[in-house]
Amino acid sequence: MKARILVAALFSLSALGTCTAHAAYPEKSVRLVVGYAPGGATDIVARLLANALSDKWGQAVVVENKGGASGMIATEQVVRAAPDGYTLQLAYTPEVSINKLVFKDIRYDPATDLTALNLIASAPLVLAAGPSKGITSMEELFALKGKASELTYGSPGVGGQQHMAGEVLRKLTGMPLVHVPYRGTSLAVTDLVGGQIDLFFATTPPLLGNIQAGKITPLLVAGEKREALLPDVPTAVEKGMPELQLTNWFGLFGPKGLPQAIKDRINKDVMAIMSDKAFQNSLKDKGLTPTPLSPDAFSKFIAAEMIKYKAIVRETGIKQQ
């Protein structure tokens, strides 16, 4: 009897110690991994969130850019990390909902090897034209059908949402669009401005400065509502292409197996940040819509996204790599 009481007491003390340790999280700096080069929308969201979490936690939240392989290098690093809350990922749509559909050699399953924490923001894709062909409207783009041997469009990687957007546009219009993949959004934008590629789909944040400077021209918002920062740019629905409605989302993830206490702490603090007007405005100023979701709702959202993109892959004929 005494032995059973002693074992129970030791178990209770052990559990108390574990809870106390988790309650103290974070006790050191946290890595926030991003799968793309600095300057893209994912990186912008990550840095805004990292700054806010650093202030709230009193610990540095350090953004690490691990570009390459359509975000899979970064995601694999997070999947292999210890589930202690000190390695997190700010990922966007393709890393979680698309890569498994288009890469045969992916070494993890985003649905089971990541812990979905919070949805942070979203933004529809915008089709922008560089100076190479002098295109300033969708009508001028359509006028090139049958005249141009090819029109190049960039993306941050094979199989991503921007790649899919280009293939949906090609299928809908019959335009001679040729895909040019890059290692990140900022690299593609540089070539768009320089005339090395003709077109590029991206969210507003990495395009806005060059749009305002007159270096590139927004042609279309891939959604049903016009963008607040681009009020004169028509939507895909307005142009008779309701199929071309693709919204990027940006969310916070950790490795599988995160203790519930740490998940709860992160969720509580992120949702508090998301309710702050100043943080909301910092997203809106970049052309992003605050889209707060807690873990359960975020997981259901991701499941629906996977179903949607499976259909798009099938319909566009994007091949597995």
Side-chain angles (χ1 to χ4, degrees), residues 29-50 53 60-121 125 154-166 179-191 200-203 205-206 248-258 266 298 302 305-306 309 313 318-321:
S29 62
V30 175
R31 293 189 301 162
L32 184 56
V33 183
V34 174
Y36 297 89
T42 312
D43 180 70
I44 290 170
V45 176
R47 292 180 188 279
L48 290 173
L49 182 62
L53 285 173
V61 178
V62 181
V63 175
E64 292 188 5
N65 298 89
K66 298 285 184 180
S70 294
M72 289 189 290
I73 292 174
T75 305
E76 186 163 347
Q77 178 178 330
V78 175
V79 165
R80 308 300 176 209
D84 55 11
Y86 291 100
T87 300
L88 304 175
Q89 181 178 9
L90 199 293
Y92 92 116
T93 315
E95 295 163 273
V96 180
S97 297
I98 299 174
N99 282 351
K100 187 182 177 183
L101 301 173
V102 296
F103 291 104
K104 292 181 287 188
D105 60 350
I106 188 169
R107 294 189 289 256
Y108 56 86
D109 186 344
T112 57
D113 292 332
L114 290 172
T115 296
L117 293 168
N118 296 92
L119 181 60
I120 306 300
L125 293 179
S155 85
V158 173
Q161 197 187 36
Q162 285 96 315
H163 180 192
M164 290 189 176
H179 180 224
V180 181
Y182 287 80
R183 288 176 60 87
T185 294
S186 59
L187 302 174
V189 172
T190 297
D191 275 5
F200 184 53
F201 276 99
T203 52
N248 262 343
W249 51 262
F250 307 87
L252 185 64
F253 296 83
K256 72 176 180 180
L258 277 182
I266 293 172
F298 188 24
I302 291 169
E305 288 284 282
M306 289 179 172
Y309 284 106
V313 168
I318 291 176
K319 304 295 185 183
Q320 278 200 324
Q321 304 297 309

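For clarity, every value in this text was computed on a predicted model and none was experimentally measured.
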Residues V158, H179; criterion side-chain contact (heavy atoms from CB on, under 4.5 Å); working and verdict: CA-CA 9 Å; V158 173; H179 180 224; 4.2 Å; yes
Chi angles and distances behind the side chain to side chain donor-acceptor pair (under 3.5 Å) call for Q89, T75: CA-CA 7 Å; Q89 181 178 9; T75 305; 2.9 Å; yes
Spatial distance of atom [atom1] ([X]) from atom [atom2] ([Y]) [nearest 0.5 Å]:
| X | Y | atom1 | atom2 | result |
| --- | --- | --- | --- | --- |
| I302 | W249 | CD1 | CH2 | 4.5 Å |
| R31 | Q77 | CZ | CD | 5.0 Å |
| L32 | Y86 | CG | OH | 15.0 Å |
| I318 | H163 | CD1 | NE2 | 4.5 Å |
| L117 | F298 | CG | CZ | 8.5 Å |
| I98 | K100 | CD1 | NZ | 14.0 Å |

A side-chain contact here means heavy atoms from C-beta on lying under 4.5 Å apart; do [X] and [Y] qualify?
| X | Y | value |
| --- | --- | --- |
| Y92 | P156 | yes |
| F250 | T203 | yes |
| T87 | R80 | no |

Tell me if a side-chain donor or acceptor on [X] pairs with a main-chain N or O of [Y] at a distance below 3.5 Å.
| X | Y | result |
| --- | --- | --- |
| D43 | N65 | no |
| S29 | V61 | no |
| S155 | P181 | no |
| Y36 | S70 | yes |

What pair of heavy atoms forms the shortest contact from [X] to [Y], and how long is it?
| X | Y | answer |
| --- | --- | --- |
| P38 | S186 | O-OG, 3.1 Å |
| I120 | L252 | CG1-N, 4.4 Å |
| V30 | G85 | CG1-O, 3.7 Å |
| A74 | G35 | CB-CA, 3.4 Å |
| F103 | M72 | CG-CE, 3.5 Å |
| I44 | G39 | CD1-O, 4.0 Å |

Side chain to side chain contact (heavy atoms under 4.5 Å, CB included), paired with F253, selected from V78, V96, L88: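 The passing option is V96.
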Flag if over 12 foreign heavy atoms under 6.0 Å of CZ, R107: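 Open: at most 12 neighbouring heavy atoms sit under 6.0 Å from CZ of R107.
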More than 12 heavy atoms of other groups within 6.0 Å of R183 CZ: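 No, CZ of R183 has 12 or fewer neighbouring heavy atoms, counting only those of other groups under 6.0 Å.
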